[in-house]
Amino acid sequence: MTNWISSNDIRSRFSALMSEMYQNEVPLYGDLMDLVKDINQITLEQQPNLQKQLQHTGELPRLSQERHGAIRLGTAEELSNMRRIFAVMGMYPVGYYDLVPAGVPVHSTAFRAIDSADLNHCPFRVFTSLLRLELMQDPELRILAEQALAKRQIFTDRALELTTKFEQQGGLDEQDVQSFVEQVLETFRWHTDAPVSKSLYQALHDQHRLIADVVAFKGPHINHLTPRTLDIDAVQDSMSSRGITPKAVVEGPPRRECPILLRQTSFKALQEKVNFNDEDMVEQGSHTARFGEIEQRGLALSPTGRALYDQLLQQARTRLGATPDESNAADYVRILAEEFQAFPDRYIDLHDQELGYFYYFLQQKPAQASSSIYTEQDIPALVANGTLSIEPIVYEDFLPVSAAGIFQSNLGEGSQSDYASVSNQDLFEQSLGAQVFDEMKLYQSLQQKSLQACLDQLNAA
Ligand code: OOG
Ligand code: NI
């Protein structure tokens with residue numbers, strides 16, 4: 001007889017522990033959470049339609065515990081073990097993000113739950129990057145980096161044992177789960193002691209700050225934890241009044257009636273004391289890696305919608321003629337809004353033009369009983385006559401251009417480099433030891449399931 005704890009519960013517990021730890025490590029994160037909570041409450045009071053929408057989609061209860069984190073790993077082995085550990089929590093790799101074209105020598109995926117019910121139980125996600133040391137130009141330094149990474153073990157023995165036990169038994173009981181979440185938390189902890197010399201740190205840093213952030217440390221400290229807000233502009237505006245300085249522009253689409261994809265803003269990294277200790281000598285220094293971020297999520301776009309988004313974003317950036325920053329923020333916001341005039345801003349239009357994914361709800365049985373069977377072809381008419389209603393499926397993933405902007409703003413100016421390389425999803429999947437899920441297929445299948453449930457109900461009448 002077995003008493004396994006569900007993966008949903010393991011993930012919720014872990015997410016709560018992580019949030020508690022990060023709040024202790026970075027008190028500003030606690031301030032940000034308070035601010036987001038206040039603004040979400042006000043927004044819901046002011047927008048009863050939004051409140052209703054989130055009630056329908058099941059997102060309302062999850063909002064207060066919704067957050068994503070990010071880590072950066074150094075080796076394929078670290079990545080594949082991370083995948084096994086996240087699987088215990090019901091988190092699977094979704095999407096492939098290549099940050100190399102943006103000058104950041106990593107490629108990434110996001111570990112998250114997949115089904116709506118699981119996401120609504122706990123939407124905790126972790127943006128997980130793998131450093132691409134093979135792109136490092138200096139061969140000698142690269143060997144030193146590889147040696148430093150080969151020496152470290154980022155997981156506790158017990159965390160790996162319990163993961164194996166989960167894989168063998170198909171679950172973990174209460175006592176094992178308690179120990180599992182505590183042990184796994186250790187991997188994400190900040191360490192003031194770095195097991196390399198200050199000069200090696202500096203040499204790595206001179207190549208790219210990100211390389212130093214991964215290679216010089218004992219483990220992949222969580223570098224930010226991001227709450228979800230319902231009004232990112234309101235949060236951005238009130239950040240300064242609480243002594244938090246956000247980056248100059250919000251990443252992603254402009255403010256709209258019907259939010260799409262993901263809008264994000266972050267505040268600058270903390271400068272933290274580090275003891276460099278390579279066993280010969282201890283030297284003091286500092287490192288900036290950890291920062292704060294908030295995000296607002298909207299409709300998941302279809303491939304057509306996404307192509308339009310990418311095109312309009314590119315047009316806005318080309319028109320601006322520079323990377324958006326403090327000096328051109330106002331222009332950028334204006335240009336972005338102008339370009340996005342071309343993106344429909346009513347849910348019904350987004351639905352009818354198949355630009356995004358929607359859930360369907362049966363509102364009423366049709367007035368006169370139909371002798372024919374309803375099929376997918378009838379959907380637009382059934383939505384138009386009010387038999388079915390629609391609600392947006394929320395985007396659960398990330399955006400590479402935004403991610404690059406977030407990386408850059410925290411890595412500091414001048415850290416952008418040109419890496420001559422092509423996207424390499426195959427290489428990433430080899431390192432991961434599995435294929436990543438295609439996020440478009442996941443949204444498509446959520447939509448399809450809800451559509452089929454409505455048709456079944458209609459046809460049963
Ligand atoms: C990850 C940056 C990407 C986001 O929200 O787009 C990210 C990192 O800095 O490690 O978290
Ligand atoms: Ni983030």
Side-chain angles (χ1 to χ4, degrees), residues 15 18-19 22 26 28-29 32-33 36 66-74 78-79 82 86 91 93-112 123-132 154 187-188 190 208-217 219-229 232 235-236 246-247 249-253 260-270 272 287-298 309-310 313 324 394-412 415-416 428 439:
S15 167
M18 178 87 104
S19 182
Y22 200 61
V26 182
L28 265 185
Y29 164 67
L32 202 58
M33 280 212 302
V36 166
E66 181 150 2
R67 58 186 79 96
H68 84 252
I71 54 169
R72 303 150 182 178
L73 301 171
E78 289 176 0
L79 180 65
M82 203 68 249
F86 280 138
M91 296 163 77
V94 179
Y96 172 74
Y97 303 89
D98 186 13
L99 280 297
V100 173
V104 183
V106 303
H107 47 182
S108 320
T109 190
F111 287 94
R112 65 166 174 90
F124 181 56
R125 347 175 157 71
V126 180
F127 191 91
T128 303
S129 300
L130 176 64
L131 182 63
R132 296 189 64 182
I154 66 170
T187 298
F188 296 84
W190 172 253
H208 200 296
R209 193 194 299 212
L210 195 109
I211 299 177
D213 183 56
V214 178
V215 175
F217 290 86
H221 37 254
I222 181 98
N223 67 49
H224 64 286
L225 212 48
T226 302
R228 173 175 168 194
T229 175
I232 198 166
V235 178
Q236 173 103 349
K247 69 194 278 295
V249 292
V250 173
E251 296 285 347
I260 51 172
L261 297 173
L262 177 63
R263 299 182 70 211
Q264 299 177 306
T265 186
S266 62
F267 61 76
K268 286 265 154 56
L270 312 170
E272 298 175 279
H287 179 64
T288 47
R290 302 193 300 165
F291 59 96
E293 184 190 49
I294 48 163
E295 66 189 10
Q296 180 176 358
R297 292 185 171 267
Y309 168 79
D310 286 336
L313 186 71
V394 67
Y395 190 58
E396 305 282 356
D397 296 289
F398 295 86
L399 295 170
V401 176
S402 302
I406 301 279
F407 267 110
Q408 290 306 344
S409 83
N410 291 294
L411 293 169
S415 60
Q416 184 146 351
F428 185 81
E439 69 276 17

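Numbering of ligands and ligand atoms starts at 1, following listing order.
- In summary, E293 places an N/O/S atom under 2.8 Å from the Ni ion (ligand 2), meeting the contact criterion.
- There is no side-chain donor-acceptor pair under 3.5 Å between S129 and Y97.
- Short contacts between ligand 1 and E293, defined as distances under 4.0 Å to a heavy atom of the residue, involve ligand atoms 4 (C), 5 (O).
- A cation-pi arrangement is present between R297 and F398 under the rule of less than 6.0 angstrom and at most 45 degrees off the ring axis.
- Proximity to A70 (heavy-atom distance under 4.0 Å) selects the following atoms of ligand 1: 1 (C), 8 (C), 10 (O), 11 (O).
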Applying salt bridge (charged side-chain N to carboxylate O under 4.0 Å, His left out) to R67 and E293, what does each step give before you reach the verdict?
CA-CA 10 Å; R67 58 186 79 96; E293 184 190 49; over 6 Å; no
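- Summary: NE2 is the N/O/S atom of H224 found nearest to the Ni ion (ligand 2).
- Among protein heavy atoms, atom 9 (O) of ligand 1 sits closest to R72 NH2, 2.7 Å.
- In this structure, R263 contributes its side chain and P253 its backbone to a donor-acceptor pair below 3.5 Å.
- When the heavy-atom distances from atom 7 (C) of ligand 1 to E295, H224, E251, R290 are ranked, the shortest goes to H224.
- Regarding atom 2 (C) of ligand 1, its nearest protein heavy-atom neighbour is F407 CE1, 3.6 Å.
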Given side chain to side chain contact (heavy atoms under 4.5 Å, CB included), test V250 with Q236 step by step and report yes or no.
CA-CA 8 Å; V250 173; Q236 173 103 349; 3.9 Å; yes
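- Here N223 has side-chain heavy atoms under 4.0 Å from ligand 1, and that is the only part of it that gets that close.
- Between F188 and F86, the ring planes are tilted. Angles from 30° to 60° get that label.
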Could you go through the salt bridge (charged side-chain N to carboxylate O under 4.0 Å, His left out) check for R290 and E272 one step at a time?
CA-CA 9 Å; R290 302 193 300 165; E272 298 175 279; 2.5 Å; yes
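- For atom 5 (O) of ligand 1, the closest non-hydrogen atom on the protein side is Q264 NE2, 2.7 Å.
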